[in-house]
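I have placed the structure first, in the form of structure tokens, so that the comments after it can refer back to it.
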Amino acid sequence: MRAPVGPVLVVIAHGSRDPRHAATVHALVERVRSLRPGLRVETGFLDFNVPSVHGVLQSLAAEGVRDVVALPLLLTRAFHAKADIPAVLREAPARLRIRQADVLGPSPLLLRALERRLYEAGLTPADKSSTGVVLASAGSSDPEAIAVIADIAREWWHTGWCAVRPAFASASLPRTEDAVAELRALGCDRVAVAPYVLAPGFLPDRIARGAAGADVRADVLGPAPEVARVLLERYDAARRPALAALGA
């Protein structure tokens, strides 16, 4: 069996009572493994699902693992990335050297994943200039996270869409249905909703209900290959300082 390459990657997911959430997370992790053979990848959940992050870290320490990159499976830096995950990592066994990777977004690869899902839902590149898109995220009370979503919408619009409007399933406005109505009023020939979420669950279902008046609704990002590549980019960036210290 090939020896693991580099620190163990621990993917930290939020967790959900919805079984589709964990299934999608595991599918994404499997794609990461397929892209980087030899990299050991473990999954821990903050809530609702097992194994817990604490349990995964305890098990790794018991095996004798020393180096870990903890990667938040989050699209923006909000409460979970700033508070919950650092708190869990502070409770890890002292023998572990843990580096927390950045969240996944923003990234050009995620925009490609969003377009992949829209094209899978029936759009074509030729439809871009006549299609308005709702970039529908879960939402947050964190101003930084909200500003990032607005920035992503502006950046995506500049790639050729008729218009792109951000929307939020919770905590912030507008809601998905309101953004759909705005794009209709703007005169776009068709309206599409692109969920900027990683896995199914309560809030993605709310986005889906809000997209009832749209012409096209894409699937969640899930195990898109572009998302898996972002995970590996964040992992590599987190482990780079340690490699530099070793002269690698």
Side-chain angles (χ1 to χ4, degrees), residues 4 8-60 68-76 78-81 84-85 88 101 103-105 107 109-122 135-140 168-170 176 192-212 216-235:
V8 174
L9 171 57
V10 176
V11 175
I12 301 179
H14 183 275
S16 171
R17 293 186 178 90
D18 188 324
R20 297 173 298 167
H21 175 90
T24 302
V25 170
H26 290 309
L28 174 58
V29 168
E30 282 302 316
R31 188 177 286 275
V32 171
R33 292 188 180 114
S34 72
L35 291 176
R36 185 74 60 89
L39 172 62
R40 180 173 178 182
V41 188
E42 301 291 343
T43 308
F45 295 90
L46 291 173
D47 208 352
F48 301 117
N49 303 105
V50 292
S52 68
V53 178
H54 180 74
V56 169
L57 296 176
Q58 291 281 354
S59 295
L60 291 174
V68 170
V69 169
L71 194 156
L73 198 60
L74 302 168
L75 294 171
T76 59
F79 182 79
H80 293 305
D84 281 355
I85 291 175
V88 171
V103 297
L104 304 185
S107 167
L109 285 169
L110 294 177
L111 290 182
R112 293 183 204 171
L114 287 165
E115 294 201 354
R116 171 189 291 274
R117 293 304 188 222
L118 285 171
Y119 297 151
E120 289 171 350
L135 179 69
S137 80
S140 172
F168 307 94
S170 67
T176 302
V193 173
Y196 191 59
V197 292
L198 288 166
F202 176 75
L203 293 178
D205 283 349
R206 182 179 287 178
I207 290 171
R209 292 192 296 272
V216 174
R217 175 174 62 85
D219 199 358
V220 299
L221 295 172
E226 297 86 356
V227 179
R229 286 171 57 196
V230 176
L231 264 71
L232 290 171
E233 285 186 354
R234 298 296 183 255
Y235 169 81

Euclidean distance, [Y] [atom2] relative to [X] [atom1], rounded to 0.5 Å:
X: Phe168; Y: Ile207; atom1: CZ; atom2: CD1; answer: 10.0 Å
X: Leu118; Y: Glu115; atom1: CG; atom2: CD; answer: 7.0 Å
X: Phe45; Y: Leu73; atom1: CZ; atom2: CG; answer: 9.0 Å

Would you say Arg31's side chain and Pro223's backbone share a donor-acceptor pair under 3.5 angstrom?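 It does hold such a pair.
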Within the structure provided, determine whether [X] and [Y] are in side-chain contact (heavy-atom separation under 4.5 Å).
X: Val227; Y: Leu110; answer: yes
X: Arg36; Y: Leu9; answer: no
X: Asp205; Y: Asp18; answer: yes
X: Val103; Y: Leu75; answer: no
X: His21; Y: Val25; answer: yes

Residue pair [X] / [Y]: nearest heavy atoms and the distance that separates them:
X: Val193; Y: Ala136; answer: CG1-CB, 4.1 Å
X: Arg234; Y: Ser107; answer: NH2-CB, 3.9 Å
X: Tyr196; Y: Leu135; answer: CB-CD1, 3.8 Å
X: Thr176; Y: Ala211; answer: CG2-N, 3.9 Å
X: Gly55; Y: Ser52; answer: N-OG, 2.9 Å
X: Pro200; Y: Thr24; answer: CD-OG1, 3.2 Å

Testing Ile85, Leu104, Leu198 one by one against Leu74 for a side-chain contact (heavy atoms from CB on, under 4.5 Å), which residue passes?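 Only one of Ile85, Leu104, Leu198 forms a side-chain contact (heavy atoms from CB on, under 4.5 Å) with Leu74, namely Ile85.
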In this structure, are over 12 heavy atoms from other groups packed under 6.0 Å from His26 atom NE2?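 Yes - once you tally the heavy atoms of other residues, nucleotides and ligands closer than 6.0 Å, there are more than 12.
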Residues which pass salt bridge (charged side-chain N to carboxylate O under 4.0 Å, His left out) with Glu120, listed by chain and number, not counting sequence neighbours: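 Glu120 satisfies salt bridge (charged side-chain N to carboxylate O under 4.0 Å, His left out) with Arg117 only.
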Which residues pass the salt bridge (charged side-chain N to carboxylate O under 4.0 Å, His left out) test with Asp219, not counting sequence neighbours?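 With neighbours one apart ignored, the set is empty.
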Close aromatic pair by centroid cut-off 6.0 Å: Phe79 and His14: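 When the ring centroids of Phe79 and His14 are compared, they turn out to be at least 6.0 Å apart.
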Quick test of your reading of the model: are Glu30 and Arg33 salt-bridged, counting only N-O distances below 4.0 Å?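 Salt bridge: yes.
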Hey, could you give me each pair passing side chain to side chain donor-acceptor pair (under 3.5 Å) that has a residue in residues 41-51? Not counting sequence neighbours.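 Those involving residues 41-51 are Arg40-Glu42.
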For a side-chain contact (heavy atoms from CB on, under 4.5 Å) check, start with the C-alpha distance between Tyr235 and Leu39, then their side-chain angles and the critical distance, and finish with the verdict. CA-CA 11 Å; Tyr235 169 81; Leu39 172 62; 3.3 Å; yes
Under the side-chain contact (heavy atoms from CB on, under 4.5 Å) criterion, do Val11 and Leu28 qualify, and how do the steps go? CA-CA 10 Å; Val11 175; Leu28 174 58; over 6 Å; no
